[in-house]
Undergrad: 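Take this structure first; my questions come after.
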Amino acid sequence: MKPHQTEPPITSGDPPPSSPFLQARFRLERPGFLLDATFDAPGGGFTALFGPSGSGKTTLLRCLAGLERAAGYLIVDGEAWQADKRFLAPHRRAVGYVFQEANLFPHRTVAGNLRYGRDRTRRTPPSRDEVVALLGLEALLDRRPHQLSGGQRQRVALGRALLAAPRLLLLDEPLSALDRASREEILPYLERLRDQLHLPAIYVSHNLEEVTRLSDRLVLLEEGRVLGAGPLEEMTTRLDLPLAHDREAEAVVGTRVAGHDRRYALTALEFPGGVVHIPLLDRPYGAPVRVRIPARDVSLTTEEPRASSILNVLPARVVELQPDGPEAMMVRLEAGGLPLLARVTRKSCDTLDLRPGLAVHAQIKSAALAG
Ligand SMILES: Nc1ncnc2c1ncn2[C@@H]1O[C@H](COP(=O)(O)OP(=O)(O)OP(=O)(O)O)[C@@H](O)[C@H]1O
């Protein structure tokens, strides 16, 4: 079952009465493709537009930037960028747009490219030194784009976008043109940007690993429509959405470092559902850490296991079950208010008489750092 969000017909440009930071509704017809999407986003953190190729992610981002003229509305921080007959031209929208390719001015140095961002804005830009430090650009300022790696060019493009003082950052697969090593190099900068700048970003990607590492919220797109939108933890585990039925289905859980056990090279991470252990992690006590818990690595027992080689055992409750292939069931669990997934055989399901509301113990074979 893949329910589409039911939406009222577009009759006017009026936004709904509630007021999240960003509210968008777009309808755009192309031969063989219809974008009909409604979503909102909060005033901080990364919201990922996620979906298969051709689902309309880039088109939606272009609508936000005013590069496509769709029917509908767009309200950002209480200001109508698009509503009824009003349509703010792209250059009047306070967005920083970063594309797959960095598009830097080839004849300008890094410093010159950054200056372009600042010169273009009438709003108060952040301090250049701060942005340079945040993105680690100090040693690159005198270089020209051809003297930079792909990852470095993207960092400069991000810096240039930030220095234009945007109220909204639009990132269109900024890592997709990079090799794995360059992607790994730039991801920590994006995490710092997310955690330190409190600037809302809409991030297009079809790489789930990247999305689970960077995003706080997910808008799932399919054939131009929104299948679902909400916090990452919920979207990856909702059984009515495709992610929970992927071969790599997993829950993403936000935890904090609760301690290190150097003798056994383990780090304990706590979240409201309990404590999980992962291989020793060089992060201080209390540091936030996202972990991925693959559904196939979670097994269930109805009695507390007394002797087991599995370190991570969490008390949980069955919320919902759905068939997942001919031999298995996907079970959505709740542990301390947070969702987990377990993929178990239908036979085990019957043997344990798994049903909604049942108290179980989730044995987690592996939990991995998200990134
Ligand atoms: N300029 C255009 N003119 C006509 N059709 C277009 C144009 N750009 C995109 N499309 C079509 O619109 C649909 C959505 O494309 P879009 O690029 O938004 O998808 P996407 O989810 O970003 O895909 P990808 O992950 O491959 O980049 C596709 O069917 C595409 O072929």
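As the structure lists them, so they are numbered: ligands from 1, and atoms in each ligand from 1.
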Undergrad: Is a salt bridge present between Asp36 and Arg25, judged by a nitrogen-to-oxygen distance below 4.0 Å?
TA: yes

Undergrad: Which protein residues come within less than 4.0 angstrom of ligand 1, counting heavy atoms only?
TA: Arg30, Phe33, Pro52, Ser53, Gly54, Ser55, Gly56, Lys57, Thr58, Thr59, Glu173, His206

Undergrad: For the residue pair Glu210 and Tyr203, confirm or rule out a side-chain donor-acceptor distance under 3.5 Å.
TA: yes

Undergrad: Taking NZ, NE, NH1 and NH2 as the nitrogens, is one of them in Arg296 or Glu250 under 4.0 Å from a carboxylate oxygen of the other?
TA: no

Undergrad: Indicate whether the side chain of Thr345 and that of Ser348 have a donor and an acceptor atom separated by less than 3.5 Å.
TA: yes

Undergrad: Please examine the side chains of Val132 and Val110, heavy atoms only from C-beta on, and report whether any two atoms are closer than 4.5 Å.
TA: no

Undergrad: Report the residues that fulfil ring-ring contact (aromatic ring centres under 6.0 Å, His included) with Tyr97, sequence neighbours left out, ordered by chain and then residue number.
TA: Phe99

